[in-house]
Amino acid sequence: MDFGFLDQLWVARIPLLKGLGVSISISLLSIVAGTVLGIFVGLALVYAYRPVQWLVRGYTDFIRGTPVLVLVLASYYVLSTVGIDLGPFQAGVLALAVFCSSHVGELVRGALQAIPKGQTEAAKAIGLTFPQTFAYVLGPQALRQALPAWVNTAAEMVKASTLLSIIGVGELLLRTQEVISRTFMSLEFYFFAGFLYFVINYGIERFGRYVERKTAVPS
């Protein structure tokens, strides 16, 4: 990085910061919404009636087998043909949240099925309702098991947010490409954008380790 790059970086600081903010917002919204929906997907895969399990299984298999780019394009272009008009930002968040939910649902399913059934029966025996059983018995144990894989899924959502530039979302990659088209410093600015994505994912990793420490069972 020479001083010429630093000068151009200073000139482009506002659009790059705005793009970074959009990327963080998209990632945060899609991870939170996808995680919440994924918890219900995982619960349905384990505890719902058989027909509901079949429907949810079809949903997870279809979404997990569909490229994220196809989901993004479908959310933006296909939904508009049936009267659901979403802006690029909303369509992108929807696509990433749906994709995230399918993966989180599988994580929750695996974590719940790894818990001995005797714990659920014991909770019923002392009069706990299912929401109480999940909140106090199943949920904390499932969280500890699913957390490492959830961190990987969250990081994938950050990287997948770069695909939203194709529908015109002004996230970090699109803003970087706009700056490169003006400065022709492709290597420097792509490297800088990669560094910013690394910082975001590193923050997610540190957050996951913090939660892991807080939920760890004392030895």
Side-chain angles (χ1 to χ4, degrees), residues 1-38 67-77 79-80 84-104 147-214:
M1 295 186 185
D2 55 19
F3 289 106
F5 166 70
L6 295 178
D7 290 339
Q8 293 297 330
L9 181 61
W10 177 254
V11 172
R13 68 191 186 281
I14 300 302
L16 290 179
L17 285 174
K18 289 182 178 179
L20 178 62
V22 171
S23 292
I24 293 175
S25 300
I26 290 171
S27 301
L28 181 62
L29 289 172
S30 62
I31 290 169
V32 172
T35 299
V36 173
L37 180 58
V68 183
L69 180 59
V70 174
L71 294 176
V72 170
L73 295 175
S75 297
Y76 187 58
Y77 293 108
L79 290 181
S80 63
I84 303 176
D85 294 320
L86 298 177
F89 184 91
Q90 292 81 6
V93 171
L94 174 63
L96 295 186
V98 168
F99 188 77
C100 181
S101 71
S102 66
H103 286 266
V104 173
L147 187 59
W150 176 87
V151 170
N152 292 334
T153 299
E156 287 298 322
M157 293 304 100
V158 176
K159 290 183 282 187
S161 68
T162 60
L163 297 174
L164 303 191
S165 61
I166 199 170
I167 57 175
V169 177
E171 43 73 61
L172 179 58
L173 180 60
L174 181 60
R175 297 307 180 198
T176 300
Q177 291 171 335
E178 291 173 349
V179 172
I180 291 173
S181 67
R182 177 176 57 82
T183 63
F184 302 102
M185 294 182 174
S186 56
L187 180 62
E188 294 91 336
F189 277 101
Y190 277 133
F191 179 82
F192 182 72
F195 171 74
L196 294 179
Y197 283 116
F198 166 77
V199 170
I200 297 173
N201 283 333
Y202 183 74
I204 293 175
E205 180 189 0
R206 299 306 301 176
F207 173 74
R209 291 188 178 183
Y210 170 79
V211 175
E212 191 173 0
R213 290 195 303 269
K214 289 296 183 179

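One-based numbering along the sequence shown.
- Between the OG atom in Ser25 and the CG atom in Leu20 there is a gap of 9.0 Å [rounded to 0.5 Å].
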TODO: Walk me through it: do Ser23 and Val158 pass the test side-chain contact (heavy atoms from CB on, under 4.5 Å)?
DONE: CA-CA 7 Å; Ser23 292; Val158 176; over 6 Å; no
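- Judged by distance alone, with hydrogens and angles left aside, the side-chain atoms of Ser181 form a donor-acceptor pair with the main-chain N or O of Glu178 at under 3.5 Å.
- Heavy-atom neighbours of Ile180 CD1 from other residues, nucleotides or ligands within 6.0 Å: above the threshold of 12.
- The shortest side-chain heavy-atom distance between Gln90 and Val93 does not fall under the 4.5 Å cut-off.
- Taking OH of Tyr202 as the start and CZ of Phe195 as the end, the distance is 11.5 Å to the nearest 0.5 Å.
- For the side-chain hydrogen bond (donor to acceptor under 3.5 Å, both in side chains) condition, the pairs that include at least one residue of residues 28-37, sequence neighbours left out, are Thr35-Trp150.
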Task: Verdict with supporting geometry, Ile204 and Met157, side-chain contact (heavy atoms from CB on, under 4.5 Å) - done: CA-CA 11 Å; Ile204 293 175; Met157 293 304 100; over 6 Å; no
TODO: In sequence, state the C-alpha distance, the side-chain angles, and the governing distance for Leu164 and Val22, and then conclude on side-chain contact (heavy atoms from CB on, under 4.5 Å).
DONE: CA-CA 11 Å; Leu164 303 191; Val22 171; over 6 Å; no
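- In this structure, CD in Gln8 is found 10.5 Å from CG in Leu6, a value given to the nearest 0.5 Å.
- Phe189 and Leu16 get closest at one heavy-atom pair: CE2-CD1, 4.0 Å.
- Here Leu172 contributes atom CG and Leu17 contributes atom CG; the two are 9.5 Å apart, rounded to the nearest 0.5 Å.
- Under the rule for a salt bridge (charged side-chain N to carboxylate O under 4.0 Å, His left out), Glu212 has no partner lying at least two apart in sequence or in another chain.
- Distance check: Leu29 CG to Ser161 OG gives 11.5 Å after rounding to the nearest 0.5 Å.
- Counting only heavy atoms from C-beta outward, the side chains of Leu96 and Leu163 never approach each other to under 4.5 Å.
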Can I get a per-line list of side-chain donor-acceptor pairs under 3.5 Å for residues 68-77, giving both atom names and the distance, sequence neighbours left out?
| unit_1 | atom_1 | unit_2 | atom_2 | d |
| --- | --- | --- | --- | --- |
| Ser75 | OG | Leu71 | O | 2.9 |

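- Annotation: salt bridge (Lys or Arg N to Asp or Glu O under 4.0 Å) contacts involving residues 192-207, sequence neighbours excluded, comprise Glu205-Arg209.
- Of all heavy-atom pairs between Ala12 and Val179, the closest is CB-CG2, 3.7 Å.
- Remark: Phe207 CZ to Leu147 CG distance equals 8.5 Å, nearest 0.5 Å.
- Every pair tested for salt bridge (Lys or Arg N to Asp or Glu O under 4.0 Å) that includes a residue from residues 13-36 fails, sequence neighbours excluded, so the list is empty.
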TODO: Run the numbers on Asn152 and Glu156 for side-chain contact (heavy atoms from CB on, under 4.5 Å), then give the verdict.
DONE: CA-CA 6 Å; Asn152 292 334; Glu156 287 298 322; 5.6 Å; no
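- Among residue pairs with one or both ends in residues 163-173, those qualifying as side-chain hydrogen bond (donor to acceptor under 3.5 Å, both in side chains) are Glu171-Tyr197; sequence neighbours excluded.
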